[in-house]
Protein chains: 2
Amino acid sequence: MECNDSNLSCLNCKEREGTVLDVLTDKQLQLITDNKTCVVFKKGQIIMHEGNNPNGVYCLKHGKCKTHKLGIEGKEQIIRFAKSGDLLGYRAILSDEPLSASITALEETRACFIPRQELFELIEQSPSFSMQLMKVACHDLGEAGRIITNLAQKTVRERLAEMLLLLESTFGVTSDGNLDVSLTREEIANLVGTATESTIRLLSEFKEDKLIVLKGRKIKLVERGKLAKLGNVFD
Amino acid sequence: MECNDSNLSCLNCKEREGTVLDVLTDKQLQLITDNKTCVVFKKGQIIMHEGNNPNGVYCLKHGKCKTHKLGIEGKEQIIRFAKSGDLLGYRAILSDEPLSASITALEETRACFIPRQELFELIEQSPSFSMQLMKVACHDLGEAGRIITNLAQKTVRERLAEMLLLLESTFGVTSDGNLDVSLTREEIANLVGTATESTIRLLSEFKEDKLIVLKGRKIKLVERGKLAKLGNVFD
DNA sequence: TTTTTTTAATGATAAATGTCATTTTATTAA
DNA sequence: TTAATAAAATGACATTTATCATTAAAAAAA
């Protein structure tokens, strides 16, 4: 799974823009470049394993991942997604706890592994880097609060409608207008927090009501306003 | 609501032990002491308001608080609790976002207000302080993931059983063995994510089954093992 | 391609939970 | 203390959602 992108410098990395690494100096970026390992994961491959203690973080260069936890009777719960520019496994490393969730590639994914030591060296060196990490963690914590409120108070139908909008804003759409992420009905169910059959039925209902267009795993949102209303989405 | 504890030094503060402030030097603690304001909140008083931009954080010295978000049709969702030693509002300050939730005192609460400026000054000065803040944020993020999974996968009965155990481990018990926190049935419902009536019925059921003893708002756990089993709690 | 396996769809039914209405009991304020 | 208010308890019922069984369709592998 290693690949020869290792020699690519973080300094020229286009995906770096707007990420936590963007506040580092050229010298600090060079430290990462000198110590990172570039890796490719195939679709379905587990990148990090719940319960393990990671030795560093991955900086996601290209691809999409799901972060998921084991729930009751082995049922998967999808907690969030990751895409280009995201840091994988930062929560466990920074809290000095085992991974609270696994991370799995949803498609071929390229990422650079940054070892623990260099990560911490940069935290020591750069308060603004620390600040960026805190920002990400605290932002994600706010998101988690929203998810908690939705799970606790919304119906399955509302959550599904909202989730479709969220998937679109997270991953965007392909040239033919479909959500640019391929998930099984089961995965959508594991994200929304419901039974697979319920997800299937509700998606069919949305299709029937002309809110979305379905073609296998391809989902196209048609009536975003109605979906937002149905999902009690206000922002 | 201001009080004359302002002149108390953080250096001698007993509640500081084991908190994020514990890694600061005496000089750094003095910086806080010189700039903090000590405040008392009465039961039911809102300490921070969802949507506002806080000018600092509160360090909770004594008391108990709930962190709660507005949900569908104004329904309150309790996200987490705070107690002695906790920092209130750190998420919003560190992510530079408005407060994603309100914080309300559940009983008379004493807290010290640390202004934004001094907080950031300490982050600049002390990588280990930054590290502590990250640890807290990342730990809370892990907790949030657990809560999400529970809300998505457990039944109301399971969640209530687990929550009772969680309340005991968070707040402990009084001398007569009751949970050392007073919540209305509605608040418990807003924590568990269910209707107040359902909470009332299930608590009565637990009482009927001799898992707990109820006396108004006083709740005593009797059969912790059975509660854990009923709640699918494994740790 | 053809076969095999996985995923999706659908119906029937059971179970869990929410909602509304009402009464009883606590708690708070006068 | 009493009156006023809020919270808790309970019943009846509607609705949502899960579960199980089965078939159809789509992906993946041979």
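Note on naming: letters A, B, ... go to the chains in the order of the sequence lines (proteins, then strands), and numbering restarts at 1 for each one.
Using a 4.0 Å cut-off between charged side-chain N and carboxylate O, Arg91(A) and Glu97(A) make a salt bridge. Salt bridge absent: Arg159(B) and Glu162(B) never bring a charged side-chain N and a carboxylate O closer than 4.0 Å. A salt bridge is absent between Arg80(A) and Glu143(A); no separation between the charged side-chain nitrogens and carboxylate oxygens falls under 4.0 Å.
Residues Leu87(B) and Leu60(B) have side chains not in contact (no heavy-atom distance under 4.5 Å, counting atoms from C-beta outward).
When heavy atoms are screened at a 4.0 angstrom cut-off, Thr196(B) is found touching no nucleic acid atom at all.
Note: CD1 (Ile200(B)) to P (dT25(C)) measures 14 Å, nearest angstrom. Taking atom CG of Leu202(B) as the reference point, atom P of dA16(C) lies 11 Å away to the nearest angstrom. Remark: P of dT19(C) and CD1 of Ile72(B) are 12 Å apart, rounded to the nearest angstrom. The separation between Leu230(B) atom CG and dA16(C) atom C1' is 14 Å, rounded to whole Å. Computed from coordinates, the Leu214(B) CG to dT25(C) P distance equals 16 Å when rounded to whole Å. Protein atom CZ of Arg157(B) is 13 Å distant from nucleotide atom P of dA15(C), rounded to whole Å. Rounded to whole Å, atom C1' of dT17(C) lies 13 Å from atom CG of Leu160(B). One can place CD of Glu197(B) at 12 Å from C1' of dT22(C), the figure rounded to the nearest angstrom.
None of Lys64(A), Lys42(A), Lys43(A) except one satisfies the side-chain hydrogen bond (donor to acceptor under 3.5 Å, both in side chains) rule with Glu107(A); the exception is Lys64(A). Here the options are Leu106(A), Leu166(A), Ile103(A), the test is side-chain contact (heavy atoms from CB on, under 4.5 Å), and the partner is Phe81(A); only Leu106(A) passes.
The base of dT19(C) sits with one of its N or O atoms less than 3.5 Å from a complementary donor or acceptor on the side chain of Arg201(B).
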Show your working on side chain to side chain contact (heavy atoms under 4.5 Å, CB included) between Leu183(A) and Leu167(A) and close with a plain yes or no.
-> CA-CA 10 Å; Leu183(A) 299 170; Leu167(A) 285 172; 4.0 Å; yes
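Within the structure, a side-chain polar atom (N or O) of Arg185(A) is placed less than 4.0 Å from OP1 or OP2 of dA9(C).
Residue Ser198(B) has its side chain nearest to dT17(C) when only dT17(C), dA8(C), dA21(C) are considered. Side chain of Thr155(B), nearest nucleotide from dA8(C), dG18(C), dA16(C): dA16(C).
Place Glu186(B) and Arg159(A) on DNA chain D by their nearest nucleotides, and Glu186(B) ends up nearer the 5' end. Ranked by how close their nearest DNA chain C nucleotide is to the 5' end, Glu187(A) and Ala152(A) are led by Glu187(A).
On the nucleic acid side, DNA chain D has its first and last nucleotide under 4.0 Å of a heavy atom of chain A at dT17(D) to dA27(D), going 5' to 3'.
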